[in-house]
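Accompanying notes for the structure given below.
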Amino acid sequence: MKVFNQSLNNVQWITAAYLPAVTLTIVLAAYLQRSFKFKSLIIAAGTASVIGGVICMLSNTLPVMLLPRVKQGSFVGTAGMIVALAPSLGPTYGGICLAALNWRFNFIFTLPITIVFCIIAARFMSDNKAHRDHFNFSEYLLIVLALVALTLAVNNLSSGFASPLVWGGLLVTVISFVIFFKLAKQEGKAHIINISVLKNTGFNQGLLIYTFLQFIQINLTFVIARYHNLAQLDLKTSALTSGMLLLLGSLLSAFFGPVMGRLLDSQGFKKLFLIGNFLAMAGILLYIIFAQKLSIALIVIFHVMFMTGFSMMYNNSMTIGLQQLDHQPLFGLRGRRRQGLRLLQDLREN
């Protein structure tokens with residue numbers, strides 16, 4: 001905001017443009033993995049990310065910054081990564097770079113890491129036999145249109161529902177998805193997404209939990225990042241201090257991730273979900289109650305509560321949802337996590 005002399009609403013497009021790019025590339029993941037060799041995908045994705053990082057590093061205006069962020073979104077989507085920890089660690093990493101060096105070092109430090117891991121992956125990963133499938137361009141175009149329209153509508157809500165960008169964007173989103181689902185139901189054609197899985201109630205429940213948890217987590221991260229700016233401007237804290245607001249909760253979430261997966265195997269999902277839901281809700285409610293009296297210490301405590309509950313539900317909801325496609329009972333079955341990961345691999349390959 002300070003470097004490019006932009007408002008918060010404009011700067012948020014760095015995230016708003018990035019996430020749809022991730023989503024649209026993940027939609028293509030199954031087709032890309034069937035149609036191209038894995039090493040070719042890794043090299044292409046790594047190259048796009050490096051080019052994006054270089055442009056970001058050299059950018060001197062906000063529009064120039066936005067384009068490479070979309071390239072980096074394509075890298076993340078092609079890699080098939082589920083980004084949960086990164087949005088929270090970003091402000092901490094950025095705060096360290098700002099306090100010690102310069103904002104451009106955010107990108108300077110990540111470029112060699114990207115290059116090294118891209119080379120390692122291309123060198124040692126096993127390859128596949130690629131066979132080019134028919135690509136349903138019309139269905140993919142409808143998904144692109146819907147997500148772009150939805151992003152424009154949501155990011156202009158501050159203008160009110162009377163704004164053409166808001167009601168027009170929402171209308172285009174609905175129409176695009178309606179047409180997409182009609183096309184996706186046609187038999188005898190290759191489809192970009194197999195929507196038959198949405199007929200499974202158990203899978204839909206897991207998907208909704210997973211989706212809304214990610215929605216809340218990214219929103220909460222952005223709100224705290226907004227306070228991160230206020231902490232520097234109003235409370236006169238350093239960039240390093242304000243950047244640490246999300247660190248403890250993020251590290252605990254990363255630590256608890258595999259732990260909660262093992263607990264899923266032994267204890268079932270119900271207990272974890274109830275406890276996790278209580279902690280996450282308590283953290284959010286405390287943010288609301290103390291909204292006018294927030295301090296750095298309170299932000300850290302409430303974020304730790306939310307992220308602990310989040311880690312109990314997030315990955316486990318995906319595992320449980322995938323199991324429903326194999327008609328397994330929802331609770332009380334050992335080996336859920338391993339079976340869910342196998343199902344996830346099967347879905348990605350098909």
Side-chain angles (χ1 to χ4, degrees), residues 1 4 6-28 52 56 61-74 76-77 81-88 90-91 94 139-181 192-193 195 198 204 207-230 246 280-281 283-284 287-288 291 303 306 310 314 317-318:
M1 288 171 62
F4 295 145
Q6 296 287 331
S7 67
L8 182 63
N9 287 337
N10 289 340
V11 169
Q12 74 178 5
W13 279 103
I14 293 177
T15 299
Y18 168 81
L19 293 176
V22 174
T23 305
L24 291 171
T25 311
I26 290 176
V27 169
L28 288 175
C56 281
T61 63
L62 185 61
V64 175
M65 177 73 77
L66 292 179
L67 176 61
R69 283 289 287 167
V70 173
K71 276 182 170 289
Q72 290 183 329
S74 300
V76 173
M81 297 168 62
I82 304 299
V83 183
L85 184 63
S88 296
E139 290 183 7
Y140 187 68
L141 184 62
L142 286 167
I143 295 175
V144 172
L145 185 61
L147 286 179
V148 170
L150 181 61
T151 303
L152 284 171
V154 171
N155 280 277
N156 285 278
L157 280 175
S158 58
S159 302
F161 283 97
S163 170
L165 283 176
V166 176
W167 65 261
L170 294 176
L171 182 62
V172 170
T173 300
V174 172
I175 293 174
S176 299
F177 275 128
V178 168
I179 298 173
F180 165 78
F181 278 105
I192 199 75
I193 295 176
I195 65 169
L198 299 178
N204 290 336
L207 177 64
L208 285 173
I209 294 171
Y210 182 81
T211 301
F212 279 112
L213 280 173
Q214 180 71 0
F215 179 83
I216 295 169
Q217 196 258 353
I218 291 178
N219 270 277
L220 185 60
T221 298
F222 181 78
V223 170
I224 296 176
R226 181 169 184 163
Y227 187 79
H228 161 93
N229 294 325
L230 295 178
L246 305 174
M281 288 289 292
I284 293 174
Y287 272 122
I288 296 172
H303 187 248
F306 173 80
F310 175 88
Y314 185 62
S317 64
M318 176 180 65

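Here, residue 1 is the first one in the sequence, and each next residue gets the next number. Side-chain atoms are counted along with the backbone in the values below, which use heavy atoms only and exclude waters and symmetry mates.
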Given the options I179, I192, V27, E139 meets side chain to side chain contact (heavy atoms under 4.5 Å, CB included) only with I192
Contacts of V174 meeting side-chain contact (heavy atoms from CB on, under 4.5 Å) (sequence neighbours excluded), chain-then-number -> V178
Looking at G169 and A149, what are the two nearest heavy atoms and their distance?
O-CB, 3.4 Å
Working to the nearest 0.5 Å, report the span between CD1 of I216 and OG1 of T211.
11.0 Å
Closest approach of L145 and S176, non-hydrogen atoms and distance?
CD2-OG, 3.4 Å
Hits for side-chain contact (heavy atoms from CB on, under 4.5 Å) against L213, two or more places apart or cross-chain, chain-then-number order -> I209, F310, M313, Y314
Heavy-atom closest pair, residues L220 and H303
CD2-CD2, 4.3 Å
Contacts of type side-chain contact (heavy atoms from CB on, under 4.5 Å), residue L198, not counting sequence neighbours:
F181, I195, F203, N204, L207
Would you say that V172 contacts L150 through its side chain, given a criterion of any heavy-atom pair below 4.5 Å between the two side chains?
no
Quick one: side-chain contact (heavy atoms from CB on, under 4.5 Å) partners of L24, sequence neighbours excluded?
Y140, I143, V144, L147
Among pairs that include at least one residue of residues 161-180, which meet ring pair (Phe, Tyr, Trp, His ring centres under 6.0 Å), considering only residues two or more places apart or in two chains?
none
Value for CG (L170) from CG (L152), rounded to nearest 0.5 Å, stands at 10.5 Å
